Amino acid sequence: MIRINDILDQIHSYMPDADTTMVEKAYVYSAKVHAGQKRLSGEPYLSHPLAVAFILAQQRLDLASITAGLLHDSVEDTLATMEELEDMFGKDVARIVDGVTKISQIEFQSKIQKQAENIRKMILAMSKDIRVLLVKLADRLHNMRTLQYQKEYKRIKIARETLDIYAPLASRLGIDWMKRELEDLAFSFLYPEEYNELKQEVETRLGERKAYVEEVKEIISKKMAEFSLSCRVLGRPKHIYSIFRKMRRQNVTIDEIYDLIAFRIILKSVTECYEALGIIHSLWKPVPGRFKDYISLPKANMYQSLHTTVIGPYGERMEIQIRTEEMDKTASEGIAAHWLYKEGRIISKDQARQFDWLKRLMEWQKELEDPREFLESVRMDLFPDEVYALTPNGEIKEFPVGATPIDFAYAIHTEVGHHCAGAKVNGKMVPLKYQLQNGDVVQIITSKHHVPSRDWLKIAKTSKARARIRQWIKTEERGKSLALGKDLCSREFKKHRINFNDFIKTDAEKVASGLSFKTVDDMLIAVGYGKISPLQVVKRYLKIKHEEGVDLKDTDIVDIQSRPKTRKTSKEGILIHGHDDIMIHLAKCCMPVPGDEVVGYITRGRGVTIHRENCPNIAALEPDRKVEVAWTTDKDVNYPVKLNVITADQKGMLAAVSNAISAAEANILEANVVTTPDQSAHFTFVAEVRDSAHLKKVFSGIKQVGGVMRVSRQTSR
């Protein structure tokens, strides 16, 4: 357990004359308010704020940040108040603690909404004082280091949020060591079997390659010395999650990953870096298309380095990074390497570009009301890799990898995006799905007759483009849904011998309010979308008239049983918040099972289709028609799930894998096999499982079969 003296010693190592009275006072206060509280590990709760403060001190941060680290949970988990903290420790510290404190007093309709609002609050706070984010990252890092004490469902939820939000935030601040640790920790909890297998495999291979690493380092050092270049040469293994991500992205095994170790050459000046690059390329043949110059064009988080891949000794590929000492420090520590802040504010205009992404987040948190859409925009804007394209006038535009001319068009202006009819890249016409490359010169061709298509959502990558396309579609759909809603309600009212026009003039506002809509148009649009039925509108109207004592004998509905607006359980074991009498379908594209995070999508005439949250097909659907759903626990139902299994092409594999699935108590509905020229067999099974825990048992059984190389779950068709 970290002690206060460890923190004070660390502070004095980089601020020898610092007055640490405030830090010591915060320690005493934190110990007092957290007295008697225990963590799930059994340790005193105080161990957590101490660990957070120590991480901040290791980053050489200021006293206010470290003080806030000691106090960050005091308002959320004790009787301490923000006013008390401000009186005792000043506005600076209180502001940071407030920014880190979750919103706990408000009742939210769903977990997604709660998560989104907490992220919104943090973004607002860190836009005023970036130290809020530094404290939050330290808090999350220590929580991840002790995550094993949480229940499994919480471990998965926290690890997923860490991978989606907090590791990219650390990357955006350039804190590479923290990003790597957060990713590896999250990976270990989300995919424990894959993590342990890969970790063991990597450690074994690195042990076997020690002699090779030393040989390469010696060759590089001697070659640099020949040209009078003084340098440090390092051979660093890639972290586990980056290897796993590369295996998935390229659909390869670890045997096909040739750059488990990245070599780094660290020199004194930029001139020496380019000289060293020439020496390396004369020594070993470079791999075409694998050179990147982040010195002349730094990443948004200030990262600078030259990257090249060469065919090294024994014909093996090697990745080599070349940078100065200063660049290496920045690459590891990010903003902590160059403390640009006074009271949490940027004071260097030259490096303010690093926070363009924060401006974008601020923009989207104001504009996007739908929590899922907001969280999606946050994830996309935190995407760490960038592509730089140019306008015909030479203006540089920054985009995430995979961005298209549509993204470019919306980056220029919303109207240019809306009327984008085509694009020229480097003087040649390209399709709108073309993926922009570094250095592309892009010219957008517009036409007043062209308007956004829903298909654009499948190829647009930036938050701005996707939000603007959705906004346009939503406006168009709103008009169509309003007309359809009026028509459906008119027919339903006519069926029950009620004059719809009289209803609109007299009681429509009361009914809309009773059904939780702000306006009558909102209610009719919801009917048009299929969110509520026309019958629900009629029933609410009749209930109001009944309460007013109006004679209802002339209608076809006399006995009105007002049922509360509660969750309705479907035959599929799904709970739908705020809806009843709705058909349920499980999406065939992603085949969700209990335990998966799921979302419902209202389809006109077909009820609600249930998708897995990570289903690729859900991303392009309208946020307005998504509904919160959850699994019930009282359903004894089996669910189909599609499995992909890759094995060695040898006799008896189909029988062995089938037996493993059956031994895990899963029923096989379909089985297909295809052999490939590389002596492997690709099996596709559709099996019935009870839930995600049962699915893990099936996975585990298949992996134990000799000859099985990979098992995965098919996410979409």
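None of the values given here were measured: they were computed from a predicted structure.
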Interatomic spacing from CG in Leu488 to CD1 in Ile532 - rounded to 0.5 Å: 10.5 Å
Asp521 side, atom CG; Leu482 side, atom CG - distance, nearest 0.5 Å: 5.0 Å
Expected output: side-chain Asn659 to main-chain Ala655 donor-acceptor under 3.5 Å: yes
Check: Val641 and Val686 side chains under 4.5 Å, non-hydrogen atoms: no
Heavy-atom neighbours of Arg491 CZ exceed 12 at 6.0 Å: no
Donor-acceptor pair, side chain of Lys464 and main chain of Tyr410, under 3.5 angstrom: yes
Leu141 side chain near Arg145 side chain, heavy-atom distance below 4.5 Å: yes
Euclidean distance, Thr475 OG1 relative to Trp472 CH2, rounded to 0.5 Å: 8.5 Å
Pairwise side-chain contact, Arg160 with Leu190, heavy-atom cut-off 4.5 Å (strictly under): yes
pair Gln150-Leu40: side-chain heavy atoms closer than 4.5 Å: yes
Euclidean distance, Lys588 NZ relative to Asn617 CG, rounded to 0.5 Å: 14.0 Å
pair Glu597-Arg612: side-chain heavy atoms closer than 4.5 Å: no
Nearest-0.5 Å distance that lies between atom CE in Met523 and atom OG in Ser513: 10.5 Å
Test item: Arg155 side-chain N/O and Ala186 main-chain N/O as donor-acceptor pair under 3.5 Å: no
Reference residue Trp456; test side-chain contact (heavy atoms from CB on, under 4.5 Å); the match among Thr404, Asp407, Ile469, Val451: Ile469
Heavy-atom side-chain contact between Met591 and Tyr639 under 4.5 Å: no
Distance, nearest 0.5 Å, that separates OG of Ser188 from CD of Gln148: 9.0 Å
Steps toward side chain to side chain contact (heavy atoms under 4.5 Å, CB included) verdict (His682, Asn644): CA-CA 7 Å; His682 293 243; Asn644 294 324; over 6 Å; no
Short side-chain to backbone donor-acceptor contact, Asp184 and Glu181, under 3.5 Å: no
Considering all heavy atoms, the nearest Lys238-Ile243 contact: O-CD1, 3.7 Å
Steps toward side chain to side chain contact (heavy atoms under 4.5 Å, CB included) verdict (Tyr166, Lys136): CA-CA 9 Å; Tyr166 291 100; Lys136 187 62 185 177; 3.3 Å; yes
Test log, rule side chain to side chain contact (heavy atoms under 4.5 Å, CB included), inputs Arg690 and Glu665: CA-CA 10 Å; Arg690 293 183 296 277; Glu665 302 173 354; 4.0 Å; yes
Nearest atoms (heavy-atom pairs only) where Gly706 meets Met653: O-CE, 3.5 Å
Distance-only side-chain donor-acceptor flag, Asn143 / Arg39, under 3.5 Å: yes
Expected output: side-chain Ser700 to main-chain Lys697 donor-acceptor under 3.5 Å: no
Ser658 backbone acceptor or donor facing Ser662 side chain under 3.5 Å: yes
Ring geometry between Phe685 and Phe683 (parallel below 30°, tilted from 30 to 60°, perpendicular above 60°): parallel
Side-chain heavy atoms of Phe187 within contact of Leu198, under 4.5 Å: yes
Short side-chain to backbone donor-acceptor contact, Asp596 and Pro592, under 3.5 Å: no
Sequence neighbours excluded and cut-off under 3.5 Å, please list the side-chain donor-acceptor pairs for residues 666-676, or say none.
from   : atom 1 : to     : atom 2 : distance (Å)
Asn667 : ND2    : Glu688 : OE1    : 3.4
Thr676 : OG1    : Asp678 : OD1    : 2.2
Thr676 : OG1    : Ser680 : O      : 3.1
Thr676 : OG1    : Ser680 : OG     : 2.7

Flag, side chain of Arg466 to backbone of Leu457, donor-acceptor distance under 3.5 Å: yes
Donor-acceptor under 3.5 Å (Ser242 side chain, His239 main chain): yes
Least distance between heavy atoms, Ala167 atom then Glu183 atom: CB-CG, 3.7 Å
For Ile702 against Leu643, the heavy-atom pair lying closest together: CD1-CD1, 4.1 Å
Salt bridge flag under 4.0 Å for residues Glu161 and Arg140: yes
Stepwise side chain to side chain contact (heavy atoms under 4.5 Å, CB included) test for Met178 and Leu137: CA-CA 8 Å; Met178 185 180 285; Leu137 286 172; 3.6 Å; yes
Nearest non-hydrogen partners of Arg540 and Val511, listed with the distance: CG-CG1, 3.6 Å
Pairing of Glu194 and Lys703 as salt bridge, 4.0 angstrom limit: yes
Ile406 and Lys433, any side-chain heavy atoms less than 4.5 Å apart: no
side-chain hydrogen bond (donor to acceptor under 3.5 Å, both in side chains) evaluation trace for Asn638 with His694: CA-CA 10 Å; Asn638 285 321; His694 188 195; 5.3 Å; no
Distance-minimising heavy-atom pair for His611 and Cys590: CA-SG, 3.7 Å
Check: Phe189 ring centre within less than 6.0 Å of Tyr195 ring centre: no
Test: Asp691 and Lys696 ion pair at under 4.0 Å: no
